[in-house]
Amino acid sequence: MTTFHAYQASLGTKQPISSTSVAAAKAVTATIELARMANEFGAVGLNLQADHLIVLDLDHKDGNDGVQYLQKAGLTPPLQTYFEQTANGSYHFFYRLPANLTLKTPKINLFPGVDLLTEAVIIAPSQGYKQGDVDLFTKPIQELPMAFLNDLLAKTDLELTDLKAVAPLKPWTTGALLTALQQGFTTITDFKPLVAQLALLVTQQAIAPTVAKAALNWAAHEPNFDWQQALPENW
């Protein structure tokens, strides 16, 4: 039986009805339960962290078109997953996070009209929200491919501090870390791919943020730097 954790929210503000609503989200197993919750205040949301989910939010408002932006960037999101259309005409695509990845930043702004929602999200049958081809409890939610996440980050100016992992760090050996970092980055001419690779390693709890920042700082001052020297002395 598929179970999700839902909370009541105000339709006008899209905010939980209380400060504890998201944390106290109720386990639900059918769309009719979501409808009952939405009826009272107009909206219902999902606690994404409780269900280990992430939402790709593609806006279509204020002159921003998330789908068009991804296309121009040469990115094709995996669409064979559950999705919804929001009250303002945007689209939410739902994915399961890889087992070893946990993000606690509530919202990650990637591009104009493209966000990753990691904490909570308003869903159908809230007023104005529409389910995709089938309902939440029928359509399988696919795992977000790490390759696509890596491609997303490589196209952004995302700072390392925007991604925060909550699981304990699992330090690598110097050799293993060096091998990972050197994939395509022996000479640094474009820092975006480097930031993306380091950010991904941080989210996977493979390296500490301080190590990633040390590598970036060194690269910024010396484009042809020695990766070994970019690591702390005790690694």
Side-chain angles (χ1 to χ4, degrees), residues 1-9 11 14-16 21-23 25-39 41-61 64-71 73 75-111 113-153 203:
M1 180 181 295
T2 303
T3 301
F4 295 98
H5 291 80
Y7 63 91
Q8 290 180 300
L11 180 63
K14 297 184 181 179
Q15 296 299 312
S21 293
V22 176
K26 172 187 175 183
V28 296
T29 59
T31 301
I32 186 63
E33 296 178 71
L34 294 176
R36 289 169 181 160
M37 294 177 70
N39 280 343
F41 296 97
V44 62
L46 281 189
N47 181 334
L48 297 174
Q49 292 184 357
D51 295 319
H52 208 60
L53 300 176
I54 190 169
V55 170
L56 178 63
D57 179 8
L58 301 179
D59 286 339
H60 187 69
K61 61 179 181 179
N64 293 323
D65 189 324
V67 174
Q68 188 177 70
Y69 198 100
L70 287 181
Q71 290 174 342
L75 296 171
T76 303
L79 303 181
Q80 299 304 313
T81 191
Y82 178 73
F83 71 93
E84 292 186 351
Q85 185 174 19
T86 70
N88 60 26
S90 302
Y91 286 91
H92 286 168
F93 291 88
F94 293 69
Y95 302 96
R96 297 197 180 279
L97 279 171
N100 65 338
L101 182 61
T102 302
L103 303 179
K104 66 177 182 180
T105 306
K107 183 176 181 179
I108 302 172
N109 302 109
L110 296 174
F111 317 108
V114 182
D115 301 309
L116 286 178
L117 309 180
T118 67
E119 185 177 59
V121 65
I122 300 298
I123 61 169
S126 300
Q127 292 181 32
Y129 284 70
K130 301 176 181 178
Q131 296 177 333
D133 47 356
V134 294
D135 69 40
L136 177 64
F137 296 91
T138 304
K139 180 79 171 185
I141 295 180
Q142 303 299 324
E143 181 173 300
L144 179 68
M146 289 303 300
F148 176 69
L149 179 58
N150 195 21
D151 287 343
L152 272 178
L153 297 180
T203 64

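Nothing here was measured: the structure is a model prediction, and the numbers come from that model. The figures here come from the full heavy-atom set of this structure, side chains too, leaving out hydrogens, waters and symmetry mates.
Judged by distance alone, the side chain of Q8 and the main-chain N or O of F41 form no donor-acceptor pair under 3.5 Å. Proximity of a side-chain donor or acceptor of T81 to a complementary backbone N or O of Q142 within less than 3.5 Å is detected.
Taking all atoms of both residues into account, the shortest heavy-atom contact from Y7 to P16 is CE1-CG, 3.9 Å. Contact between A50 and N47 at its shortest, heavy atoms only, is N-OD1, 2.9 Å. Taking all atoms of both residues into account, the shortest heavy-atom contact from F137 to T31 is CE1-N, 3.4 Å. Across all non-hydrogen atoms, the minimal contact from A124 to L34 is O-CD1, 4.1 Å. The shortest non-hydrogen separation linking L11 to G42 is CD1-O, 3.6 Å. Heavy atoms only, all atoms of each residue included: Q131 and Y82 are closest at CG-OH, 3.2 Å.
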Item to check | side chain to side chain contact (heavy atoms under 4.5 Å, CB included) between L48 and T118, intermediate numbers included | outcome: CA-CA 6 Å; L48 297 174; T118 67; 5.7 Å; no
Next on the checklist: The test is side chain to side chain contact (heavy atoms under 4.5 Å, CB included); show your working for V114 and L58 and say whether it passes.
Outcome noted: CA-CA 5 Å; V114 182; L58 301 179; 4.1 Å; yes
Item to check | Candidate pair F83 and D133, rule side chain to side chain contact (heavy atoms under 4.5 Å, CB included), full reasoning | outcome: CA-CA 8 Å; F83 71 93; D133 47 356; 4.1 Å; yes
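L97 is not listed as a side-chain neighbour of L53, based on a closest heavy-atom distance of 4.5 Å or more. Between E33 and K26 there is a side-chain heavy-atom pair separated by less than 4.5 Å. Taking 4.5 Å as the limit, every side-chain heavy atom of D51 sits out of range of all side-chain heavy atoms of F94. Using a 4.5 Å cut-off on side-chain heavy atoms (C-beta onward), P77 and F93 make no contact. Under the 4.5 Å side-chain criterion, counting only non-hydrogen atoms from C-beta, V121 is not in contact with E84.
Checking T86, D65, D115 one by one against D59, the side-chain contact (heavy atoms from CB on, under 4.5 Å) holds for a single residue, D115. Just one residue in the list D57, I123, I122 forms a side-chain contact (heavy atoms from CB on, under 4.5 Å) with H92, and that residue is D57.
The line from CG of L116 to CG of L56 is 6.0 Å long, rounded to the nearest 0.5 Å. Residue E143 holds its CD atom at 8.0 Å from NE2 of H52, rounded to the nearest 0.5 Å. Of the inter-residue distances, the one linking L144 atom CG with R96 atom CZ reads 12.5 Å to the nearest 0.5 angstrom.
The number of heavy-atom neighbours closer than 6.0 Å to OH of Y91, taken from other residues, nucleotides and ligands shown, is 12 or below.
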